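Reading through the structure tokens given below for one structure.
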Amino acid sequence: EGVPSINDFDSATLSDLTLRSSGGSGVGVEFRATIGVRVERVTFESLDTGARYLNRTAGSFTEFTTLHDVWFSWSTVTAVAYAVEAGDPSFHGCGITGQSIIEQPEAPTRSSITMSAGACVYNAPLSVGFFVRSSTVPLIRSFSDYEQTFYGDVRIECFAGAAAGGLLAA
């Protein structure tokens, strides 16, 4: 499908590279039914979605898969997306750790972190610094009826007069 994906892996590591699209579209990395996968020291540039956690087939789920010390450039529209097509809603322990950075685009059209209808992100790490350039779009948005639960340290640095408000939207 043209998307670098990590399928049905346990305890794999991807590190020390830059993922970018020449046309500003596409997905940097997609996790499908993975458990314990770690992506570290990766930069995401010029992408529609940097990292997508996806449960797409009946009975599939993704757990304890993390992004560690990663950088999502302002040229990436959505940094992290959690999506369910036909699988289990569970994204237990899937999130962002370390000294990770999400640079919000200057004129964002979507939230930096999204949860689709049917996604249940819980007990998930969220240690990230947001470089905020606009307060018109919330940084994190859930379209799911499930309650999303994260833990960690969120740091916000505002640029170009952006207000720090608008962190979450349901």
Side-chain angles (χ1 to χ4, degrees), residues 1-6 12-32 34 37-54 62 65-85 91 93-117 119 121 124-144 148-170:
E1 294 178 33
V3 175
S5 63
I6 301 173
T13 300
L14 175 70
S15 67
D16 302 299
L17 59 115
T18 296
L19 298 171
R20 87 173 49 91
S21 165
S22 61
S25 62
V27 176
V29 66
E30 186 170 273
F31 305 105
R32 300 179 195 161
T34 61
V37 172
R38 181 176 167 114
V39 171
E40 57 187 25
R41 296 181 309 277
V42 171
T43 299
F44 298 85
E45 296 179 346
S46 299
L47 296 160
D48 182 68
T49 303
R52 179 167 51 199
Y53 294 92
L54 177 63
T62 301
T65 295
T66 58
L67 302 157
H68 182 77
D69 289 342
V70 296
W71 186 286
F72 295 95
S73 166
W74 63 270
S75 61
T76 295
V77 179
T78 296
V80 179
Y82 299 88
V84 176
E85 290 180 357
F91 295 98
C94 295
I96 306 172
T97 64
Q99 297 299 313
S100 296
I101 297 291
I102 295 175
E103 288 188 76
Q104 184 186 45
E106 289 187 21
T109 56
R110 291 194 307 259
S111 296
S112 297
I113 299 175
T114 62
M115 284 74 65
S116 76
V121 182
L126 183 60
S127 291
V128 64
F130 285 101
F131 291 177
V132 179
R133 292 183 167 82
S134 171
S135 55
T136 61
V137 175
L139 297 173
I140 302 170
R141 175 165 271 171
S142 176
F143 297 96
S144 179
Q148 314 298 329
T149 58
F150 293 91
Y151 65 88
D153 298 310
V154 175
R155 303 163 312 279
I156 297 176
E157 187 171 340
C158 295
F159 288 87
L167 177 62
L168 304 171

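Not measured: the values here are computed from a predicted model.
Annotation: side chain of Ile102 is in contact with side chain of Ile96 (closest heavy-atom distance under 4.5 Å). A heavy-atom distance below 4.5 Å is found between the side chains of Ser111 and Val137. Between Phe131 and Trp74, the closest side-chain pair of non-hydrogen atoms is not below 4.5 Å. For the pair Tyr53 and Thr34, the minimum side-chain heavy-atom distance is 4.5 Å or more. Annotation: side chain of Ile140 is in contact with side chain of Met115 (closest heavy-atom distance under 4.5 Å). Side-chain contact between Val29 and Val42: absent, with no pair of heavy atoms (C-beta onward) separated by less than 4.5 Å.
A salt bridge is absent between Asp69 and Arg41; no separation between the charged side-chain nitrogens and carboxylate oxygens falls under 4.0 Å.
In this structure, Gly152 and Ser127 approach most closely via the heavy-atom pair CA-OG, 3.6 Å. Contact record, Ser46 with Ser75: N-OG, 2.8 Å, taken as the closest heavy-atom pair. Pairing each heavy atom of Pro108 with each of Thr136, the nearest pair is CG-OG1, 4.4 Å. Taking both residues in full, the closest heavy atoms of Ser116 and Ser144 are given as O-CB, 3.3 Å, listed atom of the first, atom of the second, then distance. Pairing each heavy atom of Gln104 with each of Ser134, the nearest pair is OE1-N, 2.8 Å. Closest approach of Val77 and Asp48 over heavy atoms only: CB-O, 3.4 Å.
Contacts of Phe150 classified as ring-ring contact (aromatic ring centres under 6.0 Å, His included), with partners at least two apart in sequence or in another chain: none. Glu157 meets the salt bridge (charged side-chain N to carboxylate O under 4.0 Å, His left out) test with no other residue; sequence neighbours excluded.
No side-chain donor-acceptor contact under 3.5 Å links Thr66 to the backbone of His68. No donor-acceptor pair under 3.5 Å is formed between the side chain of Ser15 and the backbone N or O of Glu40. A donor-acceptor contact shorter than 3.5 Å is absent between the side chain of Thr43 and the backbone of Thr18. No donor-acceptor pair under 3.5 Å is formed between the side chain of Glu45 and the backbone N or O of Trp71. Using modelled atom types, no side-chain atom of Glu30 and backbone atom of Arg52 make a donor-acceptor pair closer than 3.5 Å. Between the side chain of Arg32 and the backbone N or O of Leu54 there is no donor-acceptor pair closer than 3.5 Å.
Ring pair Phe72/Phe44 is parallel by interplanar angle, where below 30° counts as parallel and above 60° as perpendicular.
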